[in-house]
Amino acid sequence: MRSLLFVPADSPRKLEKALLSNADALILDLEDSVAASAKQAGRDGAATFLAAHAAAQGPKLIVRVNALDTGMTDADLDAVMPHRPHAIMLPKATGGEDVQHLSVKLGVREAESGRDIGTTGILPIATETAVAIFKLGTYRGASRRLIGLTWGAEDLAADIGAETNRFEDMSYTPPFALARSLMLFGAASAEVDAVDTVFANFRDSEGFRRECLAARRDGFVAKMAIHPDQVAIINEVFSPQDDEVRKARQIVEAFERQPDAGVLSIDNAMVDRPHLRKAERLLARAATIRR
């Protein structure tokens, strides 16, 4: 997945419109974008949408439930799990224990609906509280359901009392740049995809493109969106380019010819095993996008 588009689950119109966005995944939101008085409407909307589209060719459907400490998670899962979402996004996650806790809940509901145990993925938002920052290393080995990690800056700002999380040029202030980097390391440690957070000013397409390029440069492989207009930029930036695929294939084929080599010379440049791992990951992403 390159692009993950948030859609309020209580808005049938926005849900149907999101299907035309070309996003790789839609996040049916039951949390922040749904008012407390509309939670049941959100659950009903998500269930109806999943029932109509989860089995169809199209974007993966992920449901962001309410956090485990709200007392609403079980009702959210009861509504959506019979309709087989691809994954559950867990907000306010505080580490691997929360993933394991959610995994048990998913297993029960998978069994009740006749689904194979373990088929529903989990995508935590891993930096929304101060305590969560200190547990980013605990996702490694927490669950085979883990499909990635992402991060958030707005709730973290509220938790630590920050006046803002960005400078005027839209770069992150030091606490939030640190949270972003630590989450990236946490995802690499857990051997899952790193998904960059949202860019709120959807009308600033140039600023958004710069942030996407910076995220890809640093090792993120996907980004979340809050507006359909952001999806095309994400898909473009996070898709491997033809010359990158060619170079990656060249590296892989060179090591296949000399499997015992530690270092090889390709196009007058030295490449070693880290280059090989990077090339293999890029080719795997390109193949997934083609499929």
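Put simply, the side chain of Thr150 never gets that close to the backbone of Ile125: no donor and acceptor are under 3.5 Å apart. Judged by distance alone, with hydrogens and angles left aside, the side-chain atoms of Arg2 form no donor-acceptor pair with the main-chain N or O of Ser239 at under 3.5 Å. The backbone N or O of Thr70 lies less than 3.5 Å from no partner atom in the side chain of Asn66, so there is not a single donor-acceptor pair. The main-chain N or O of Asn22 is found under 3.5 Å from a side-chain atom of Asn235 such that the two form a donor-acceptor pair. With hydrogens and angles ignored, the 3.5 Å screen pairs no side-chain donor or acceptor of Asp116 with any backbone N or O of Thr119. Side-chain atoms of Arg140 never come within 3.5 Å of backbone atoms of Ala187 as a donor-acceptor pair (strictly under, hydrogens ignored). Judged by distance alone, the side chain of Lys223 and the main-chain N or O of Phe238 form no donor-acceptor pair under 3.5 Å. Although no hydrogens or angles enter the test, the distance criterion places no donor-acceptor pair under 3.5 Å between the side chain of Ser265 and the main chain of Met270. The backbone N or O of Val99 lies less than 3.5 Å from no partner atom in the side chain of Ser103, so there is not a single donor-acceptor pair. A donor-acceptor pair under 3.5 Å links the side-chain atoms of Ser21 to the main chain of Ala18, judged by distance alone.
Ionic pairing of Glu253 and Arg246 is not present here: no N-O contact between side-chain nitrogen and carboxylate oxygen is shorter than 4.0 angstrom. Lys135 and Glu97 are not joined by a salt bridge, as no carboxylate oxygen comes within less than 4.0 angstrom of a charged side-chain nitrogen. At a threshold of 4.0 Å, the pair Lys105-Asp74 counts as salt-bridged, since one of the basic side-chain nitrogens sits closer than that to a carboxylate oxygen. Taking the charged nitrogens against the carboxylate oxygens, Glu110 and Arg145 do have a contact shorter than 4.0 Å, which makes a salt bridge. Between Asp218 and Arg180 there is a salt bridge, since a side-chain N of the basic residue sits under 4.0 Å from a carboxylate O of the acidic one.
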Starting from the C-alpha separation in whole Å, work towards a yes-or-no answer on salt bridge (Lys or Arg N to Asp or Glu O under 4.0 Å) for Arg43 and Asp76. CA-CA 6 Å; Arg43 295 181 189 113; Asp76 295 342; 2.6 Å; yes
Starting from the C-alpha separation in whole Å, work towards a yes-or-no answer on side chain to side chain donor-acceptor pair (under 3.5 Å) for Ser171 and Arg166. CA-CA 5 Å; Ser171 63; Arg166 292 183 186 259; over 6 Å; no
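Taking CG of Leu123 as the reference point, atom CG of Leu4 lies at 7.0 Å (rounded to 0.5 Å).
Aromatic ring centroids of Tyr172 and Trp151 lie under 6.0 Å apart.
Here the side chains of Tyr139 and Val192 are not in contact, with every heavy-atom distance at 4.5 Å or above. Phe185 is not listed as a side-chain neighbour of Leu136, based on a closest heavy-atom distance of 4.5 Å or more.
Around atom CD of Glu280, more than 12 heavy atoms belonging to other residues, nucleotides or ligands sit under 6.0 Å away. With a 6.0 Å radius and a threshold of 12 heavy atoms from other residues, nucleotides or ligands, Asp169 has its CG atom above the threshold.
No side-chain N or O of Thr129 forms a donor-acceptor pair with one of Asp159 less than 3.5 Å apart. Looking only at atom types and distance, the side chain of Thr120 has no donor-acceptor partner in the side chain of Arg109 under 3.5 Å away. Side-chain N/O atoms of Asp98 and His101 include no donor and acceptor closer than 3.5 Å.
Minimum heavy-atom separation, Gly95 to Thr138: CA-OG1, 3.4 Å.
Classified by interplanar angle (parallel below 30°, tilted 30° to 60°, perpendicular above 60°), the ring pair Phe199/Phe208 is tilted.
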